[in-house]
Structure formats: structure tokens, C-alpha cells
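Here is the structure we will look at, set down as C-alpha cells.
Model, not experiment: these values are computed from the prediction. Both ligands and their constituent atoms are indexed starting at 1 by order of listing.
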Amino acid sequence: MSALDLALSILQPHDLLLAPHDCYGGSYRLIQGRAERGHFSTLFVDQNNRTALREALALRPRLVLVETPSNPLMRVVDIAAVASMAKKADAKLAVDNTFLSPALQNPLRLGADFVIHSTTKYLNGHSDVVGGALVTADRADGEELAAWASLTGITGSPFDAYLTLRGLRTLFPRIEAQQRSATAIADLLDAHPAVQKVFYPGLARDPGHAIASSQQKGFGAMLSFEAKLGEAGLRTFISSLKLFTLAESLGGVESLIAHPATMTHLGMGQAARATAGISDSLLRLSVGLEETQDLIDDLSEALDAGLAHER
Ligand SMILES: *Cc1c(COP(=O)(O)O)cnc(C)c1O
């Protein structure tokens, strides 16, 4: 969040920020909170709606924030297309690359000015550090922001940096193995009677599949799905899971499951959740490094238990 806040620090009260309507709940709250305090003004738009995006860019924003794939609905935004539109409007483009990490997506190569990472997630990868990084395409921007980060004291501690560097060494093999399991899990969920809809750009019929295939090196290990279960069935499903822990955060070696409506995206409020398409039966998975078959068995047994509860 500090890395995002550092990117936001370029904004002045007369500046406009164009943010995604379905971003990470914490990002939404930070942006909303700063805008309410008069630090800048903001507009949340569906960046896949070209007309809405064009109209918003006509308002001459100073900064455009993209999160792709988005949290939790895995919506994919065409970074190169938004970058060229932002450039024409004289706006800077920041991309939150937390869900894929540099192993799977390189927004600077696609025209972004800033890349934001929660290093808490895949970069450290072991769920034992909270940190972030802001990377700039332009060296002068980087120096200016580094000086500001130092002045405000948001830089990480040496021990956290040490742990993050250790974790970073295994980033590529970790995410490759996690992504392999995620693909198998998406197929399982897609075919299960207790599942309404799967959100994973790796699925050929996912609306983000084509763009994800061209701008990403892989589809990653995050996915979400809408369960075809009522509250009782959902509770049984989640409490029957043995390998997926009900918890926020993501990108670590352990598999996690989250219920965005009551956890990560609770603070967004019902109305903003409805606009973003985050329903009460939506669940988000962060696939860890456990054996693929064990994860599949765990999910399918727990889903069966959820269904049985409702019958
Ligand atoms: C978790 C997350 C953040 C915030 O990261 P922290 O390490 O918790 O500060 C920002 N963006 C996305 C997409 C995230 O998933």
C-alpha cells in the first residue's frame, strides 16, 4: 500500500486519478480516502469499456492506475492499448503487477511509466514479510520518488529486504508450479456442479484470454469462482477444506481461500461491490505449492460436502 501511496504522491489537489472500478479493496479505500481529504480527485472507471475510458481520459487525468489481472475478478486490461491512450492524453500510467509478478508480466515493456508490486505476495512468496515496490521507467522519476520515500520513512527494514531477496531467488519455479496447479484447478471447478462460474484468464472462453495470452507469459496462480451454493452450503464447503486456509493475502507457498465480500472487499461497501461484480458467492483462491492432486481432491471433496449440505 505504501508503494501505491508513493505513486499517488505525484498528484496534487487539482490533479485527477483514473482508477479501476474493480481494484483491490485496500487500493480502493486508500484512493477514496485520499480523494475525500482533497489530496486529488478520482474517477473509478471500467477500463475495458473503451467509451468510458476515452471519456475519462478527455478529462486529462495526471495518472491512470491499471490492475491486471484484477483482484478478485481476474479481469484483464490491455496494458499497451491503455498506455498509448494515456500517453496521448499526457497522463502517466501505473500498473499494479502484484497478481503476476515480473516472472509473468512486464508492464514497463508494454509502455507503463510505473509498476507497483505488493512484495508481500509472490516476490517474497513465503507470507512472512509485508512490503512493496515501485519501479519506474524513467530514472529521474525513480530518483525523485526514492527521495520522497526516504523522506516519508516508508522504506522497508533491512531484515524484511533480506527475507524478500531470499524469497525472490525461487520466484520463477514457484510461480510455474503454482500456475500448473491453478490450471488443473480451473478445469476441475469449471466442471463441478457446485460451481456457477470460474474466473481464470487461462480458460479459453474467459473474456480476458486473448489479451492475457499476448501480454502475459502465463496465466498465474490466482483464480476466483462463483459457487452455486447458499450460505449454509458455502460455510460447509469452506470448513471442509483441509489444505486451503481461509485467509486474506496471496502468493505464498500455502494455498489460501478468501471470501471477498466479507474479507478483502468488505470495506468497499455493497454498492461498489455490486458495480464491480463481486457477489456474495464469490470465492478467491491463491494456489500454493502443495501437490496438485492433493489440492484437487481437497476442493472437490469440500464442494461435494457443500452440495450434500444443501440437499
Ligand atoms: C495485497 C495487494 C496490495 C496491497 O499489498 P500489501 O502488501 O498488503 O500492502 C495491492 N494490490 C494488490 C493487487 C494486492 O493484491
Side-chain angles (χ1 to χ4, degrees), residues 1-9 17 19-34 44 47 63-77 79 93-105 107 112 114-135 149 152-157 160-161 163-164 167-168 171 175 178 182 199 201 208 212 216 219-224 245 247-252 254-260 263-268 272-273 276 278 282-288:
M1 295 314 298
S2 295
L4 170 60
D5 207 36
L6 184 59
L8 300 180
S9 75
L17 165 70
H21 74 315
D22 62 341
C23 58
Y24 168 64
S27 304
Y28 188 91
R29 292 203 303 279
L30 174 63
I31 291 165
Q32 192 80 302
R34 287 233 177 258
F44 292 97
Q47 296 168 340
L63 181 67
V64 178
L65 173 68
V66 162
E67 189 184 301
T68 181
S70 70
N71 182 354
L73 285 169
M74 308 298 297
R75 287 200 188 110
V76 176
V77 173
I79 298 173
L93 174 65
V95 176
D96 186 332
N97 201 25
T98 298
F99 264 36
L100 290 174
S101 90
L104 298 180
Q105 181 168 266
F114 302 152
V115 176
I116 297 159
H117 295 282
S118 165
T119 56
T120 309
K121 316 289 171 54
Y122 288 101
L123 293 188
N124 175 60
H126 294 75
S127 312
D128 50 10
V129 174
V130 173
L134 175 60
V135 185
T152 52
I154 58 167
T155 48
S157 75
D160 285 355
L163 283 176
T164 304
L168 193 57
L171 170 66
I175 205 158
Q178 289 168 323
F199 302 88
Q216 302 175 192
F219 301 108
M222 294 298 300
L223 66 154
S224 56
T245 303
E248 291 192 11
S249 200
L250 58 103
E254 306 89 357
S255 291
L256 302 176
I257 185 164
H259 183 241
M263 297 168 70
T264 47
H265 292 67
L266 175 68
M268 244 176 123
R273 275 200 305 280
I278 301 167
L282 185 76
L283 294 159
R284 188 191 77 185
L285 301 180
S286 170
V287 179

Find out whether Thr68 and Gln47 are in side-chain contact, i.e. whether some heavy atom of one side chain is under 4.5 Å from a heavy atom of the other.
no

Any nitrogen or oxygen of Thr120, main chain or side chain, under 3.5 Å from a nitrogen or oxygen of ligand 1?
yes

Considering only non-hydrogen protein atoms, determine which one is nearest to atom 5 (O) of ligand 1 and report residue, atom name and distance to 0.1 Å.
Ser118 OG, 3.0 Å

Can you name the atoms of ligand 1, numbered from 1 with element, that are less than 4.0 Å from a heavy atom of Leu250?
15 (O)

Heavy atoms, side chains only, cut-off 4.5 Å: are Ser101 and Leu171 in contact?
yes

Starting from the C-alpha separation in whole Å, work towards a yes-or-no answer on side-chain contact (heavy atoms from CB on, under 4.5 Å) for Ser70 and Val77.
CA-CA 8 Å; Ser70 70; Val77 173; over 6 Å; no

Residue selection (non-hydrogen contact nearest atom 11 (N) of ligand 1) among Asp5, Leu30, Thr68, Asp96
Asp96

Record the part of Leu4 in heavy-atom contact with ligand 1 below 4.0 Å; permitted values are side chain, backbone, both and neither.
neither

Of all the atoms in ligand 1, which lie at a distance below 4.0 Å from a heavy atom belonging to Phe99?
15 (O)

Taking the side chain as everything from C-beta on, heavy atoms only, tell me whether Phe99 gets closer than 4.5 Å to Gln216.
no

Relative to the heavy atoms of Gly131, which atoms of ligand 1 are at a distance of less than 4.0 Å?
7 (O)

Looking only at protein heavy atoms, identify the closest one to atom 4 (C) of ligand 1 and say how far it is in Å.
Met1 SD, 3.4 Å

With heavy atoms of Asn71 as the reference, note each atom of ligand 1 found under 4.0 Å away.
15 (O)

Measure the OG-CG distance between Ser9 and Leu4 for me, rounded to the nearest 0.5 Å.
10.0 Å

In the structure I gave you, are the side-chain heavy atoms of Asn124 and Asp160 within less than 4.5 Å of one another anywhere?
no

Taking the side chain as C-beta and beyond, is there a heavy-atom pair between Gln32 and Phe44 under 4.5 Å?
yes

Of the protein's non-hydrogen atoms, which lies at the shortest distance from atom 14 (C) of ligand 1, and what is that distance?
Lys121 NZ, 3.0 Å

Could you tell me whether the side chain of Tyr24 reaches within less than 4.5 Å of the side chain of Thr98, counting heavy atoms only?
no

Do any heavy atoms of Ser249 fall under 4.0 Å from ligand 1?
no

